[in-house]
Amino acid sequence: MLLEQLNNMQKKAVLQTEGPVLILAGAGSGKTRVLTHRIAYLLEEKGVYPSQILAITFTNKAAQEMKDRIEQQLGGIYNDMWVSTFHSTCVRILHQDIDKIGYNRNFVIYDMDDQKRLLKDCLKQLNINEKNFPLSSIQREISSAKDELISPIDYKKQVNDDFRKEKIGQVYELYQKKLKSNNALDFDDLIFKTVELFTLRPEILGFYQQRFRYIMVDEYQDTNTSQYQLIRLLASKYENLCVVGDDDQSIYKFRGANIHNILDFEKDFPNAVVIKLEQNYRCTQKILDAANGVIQNNRGRKAKTLWTDNAEGTSIQRYEAQNEYEEGEYIANQIQKEVREGREYKDIALLYRTNAQSRVLEEKLIQSNIPYRLYGGVRFYERKEIKDLIAYLRSIANPSDDIAVQRIINVPKRGIGNVTVGKVMDIAIEQDCDFFDILVEAEENPSLQRAASKLKTFANMIIGFQVQVPHLSLVELTERVLKDTGYIAELEAEQTEEAQGRIDNIKEMISKVAEYENNAKENEEEPTLHGLLEEIALVADIDNYNEESNAVSLMTLHSAKGLEFPCVFMTGLEDGLFPSYMSIVSGDEKDLEEERRLCYVGITRAKQRLYMTHARSRMVRGNIQYNQVSRFLEEIPEELLEEEKKEKPSSFSPMSKKASLYSFNPIRRKRPVMPIPKNFTLDFKEGDFVVHKKFGKGIVKNIQPAGADYEVTVDFLEKGTKKLMAHLSKLKKMKN
DNA sequence: CCTACTACGCTTTTT
DNA sequence: GCGTAGTAGG
């Protein structure tokens, strides 16, 4: 029977099908198993129809896996059951009904790059200088507004003659207008517009409320306000809402995740049943102890004690390298050793804080002939050649997509330069129509005279493709585009290794298109250009994670969430890198706590063996940084760690000699990287008033020496009590 | 209008 | 160190 393989708490979680349920699932406590069993139980024992179930997961891969497992368990196919990510779920709903709130149902989805380009156009049109308003910060600001369900109108209301906000409000408003006229939605809109649809059209909400009698949300600790609202709306009729999460694994605050969604679940649903899964089945005792040692330094957690029956296991290997190259060599050597002792490559993962760290690691793995797969970094769909190709497909599917049309209007070169594009843009704005419309009528526009024929030729080519769409398969269409535009020919003519790489990527893209067509046919759906573009827009890199291929996995700590590996290397454990420089200087303990949770996530990915490495020096953005060992590593109880003896410099491989040469290269530093002066002393004492850039004035409560720096507790007048590093946070004594 | 060169700024983390 | 934006010359 279904429940046999479960422990008591897991059983309880499966059987508690009615009403709101909060499952606090510690790392490795079998929550995926609980979720799949719960769904199986609903279907099998409770007679619930598959169509009445909505399960939200964090990645497409997790969704697919869950669905597969259920189908395997019950031996059926459940196409009516919705198991998908927030974003995919919303796309599906919007596809059906977004026309009810004035959008076109065949919308396209803009990624971050598209957003930036569109924002750039907005700034230009509003005469706002990019120097004073960097695109990335505006993008962040608008994105967080959307996460909080703040519309441009609401945003402008709360400006309160803050000049910066006033400008951003204008940009936000124009940005939304342009998105709409381009028939596009960005990531955040997917959720926002669904909530808007449900709010404005209660009958549509009613339909889905009625349909989804049982709702489950995984990784609930990482939901943001808009996602929370969405779930609340959907669940408010039957309240059969089961959320699963772990407050200790909340690592997406920067993306708007609101940890209070999980901390306050019982307040929002007073009759909620809370179930804790505290037995860890994944890690050895020592790894779990290390994880607990780190996470216990966080405040404001839900009470929870993770324990395990598993063996004690081996100590955690700690290693200090001279620099990042030596770190990579050590790791490569250890991997080879592990493999000699019977470990498989695919059972090993290298985790790091920032994508930039992967390069050196890759280099060393290649030198040692170790097969690896890289997740994240420059994603496949973000490569120039792939984005160009997609932009063609998007222009064909939706000529209102100004961003796509502008991207490829001169790729390959057709003699249509920036000046011409600028003119066309101005005319389009003036006439309030699509960029593409101006191209079609270029000859009628006197100011375009010289370029008119070129523009017209381009427009005709796109229209030509559009005409062919019904008669060609998607693969055929893609190939025709590559051929007729001369894109492939141009790359082939280059005769460089780089160009060949791009051609290979394009070939891979074609096989992905073929894959999409086949999948669609298998599911008895009509493959469409829109469907293809939608799928492309929503894939995460980690969705391509493949446990079959026997290779070491390289990924960020964020990407590793939800995965597990017998052997894990956590790399770059240095203050300033992990925890990140930003989280240290912000002076806000909460930022540091988020980093600590990330560390907790990393440690608990390991089942049997955990290595933690750091380097004394490291090149970051062309500067050499000397970082202290990560405070998180120091938080692990000494007796769990084993320090690896350092290799003698004489045993360095030739490569590392070259590497150390680099280190002696006198590279000019633009700005010293937070060096702490040798005899750094404080010019204030307890009871003095100090000033902080972000927190303002405060009174010093306590001073503790911490390495070369001091940890200072300050009671800020407006922001409350904070613990700060005196030097890093640039605390200044106030003159009275 | 295109290409080649220089200067600058930037990186956490991602659906 | 890298990629991109901005500038000058053809």
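Letters go in sequence order (proteins before strands), and every chain restarts at 1. Everything numeric here is computed off the predicted structure, so don't read it as measured data.
Only one option out of D186(A), N224(A), T225(A), D188(A) pairs with K146(A) in a side-chain hydrogen bond (donor to acceptor under 3.5 Å, both in side chains); it is D186(A).
Atom CD in E595(A) sits roughly 11 Å away from atom P in dT13(B) (whole-Å rounding). Distance CG (N355(A)) to C1' (dC2(C)): 15 Å, rounded to an integer number of Å. Atom pair I251(A):CD1 and dT15(B):C1' shows a separation of 13 Å (rounding to whole Å applied). Atom CG in L351(A) sits about 20 Å away from atom P in dT12(B), given to the nearest Å. Atom pair M619(A):CE and dC2(C):P shows a separation of 10 Å (rounding to whole Å applied). Between the CG atom of L598(A) and the P atom of dT13(B) there is a distance of 11 Å, rounded to whole Å. Between the CG atom of N224(A) and the C1' atom of dT15(B) there is a distance of 10 Å, given to the nearest Å. Counting to the nearest Å, the C1' atom of dT15(B) and the CD atom of Q139(A) are 13 Å from each other.
Using a 4.0 Å heavy-atom criterion, one finds that K116(A) contacts no nucleic acid atom at all. S580(A) comes within contact range of at least one nucleobase, with a heavy-atom separation under 4.0 Å. Nucleic acid contact class of F578(A) (heavy atoms, under 4.0 Å, all strands): none. Contact annotation for N410(A): backbone-only contact, meaning every heavy-atom pair under 4.0 Å involves sugar-phosphate atoms and none involves a base. Contacts of I416(A) with the nucleic acid, taken as non-hydrogen atoms under 4.0 Å apart, involve only primed sugar atoms and P, OP1 or OP2.
The aromatic ring of F187(A) stacks onto the base of dT15(B), its centre lying under 5.5 Å from the centre of the six-membered base ring with the two planes under 30° apart. Residue Y252(A) and nucleotide dT13(B) are not classified as a stacked aromatic pair, given the requirement of ring centres less than 5.5 Å apart at an interplanar angle below 30°.
Note: L230(A) CG to T223(A) OG1 = 10.5 Å, rounded to the nearest 0.5 Å.
For T85(A), the listed nucleotide lying nearest its side chain is dT15(B); candidates were dT3(B), dT14(B), dT15(B). Residue K120(A) places its side chain closer to dA5(C) than to any other of dT12(B), dT15(B), dA5(C). Nearest nucleotide to the H558(A) side chain, out of dT15(B), dT13(B), dC2(B): dT13(B). The nucleotide whose nearest atom lies closest to any side-chain atom of K413(A) is, among dT12(B), dT15(B), dT3(B), dT3(B). Each of dT11(B), dT14(B), dT15(B) was ranked by its minimum atom distance to the side chain of H87(A); first place goes to dT15(B). Distance from the side chain of S136(A) is smallest for dT11(B) among the nucleotides dT3(B), dT14(B), dT11(B).
For T556(A) and K454(A), each mapped to the nucleotide of DNA chain B holding its nearest heavy atom, the one lying further toward the 5' end belongs to K454(A). Each of R414(A) and E594(A) lies near DNA chain B, and the nucleotide nearest R414(A) is the one positioned closer to the 5' end.
Remark: K167(A) fails to qualify as a cation-pi partner of F133(A) under the 6.0 Å distance and 45° angle criteria applied to the six-membered ring.
In this structure, H530(A) has its ring center at least 6.0 angstrom away from the ring center of F107(A).
The pair K253(A)-D591(A) counts as a salt bridge, with a side-chain nitrogen and a carboxylate oxygen less than 4.0 angstrom apart.
Looking only at distances, a side-chain donor or acceptor of R597(A) sits under 3.5 Å from a matching main-chain atom of S250(A).
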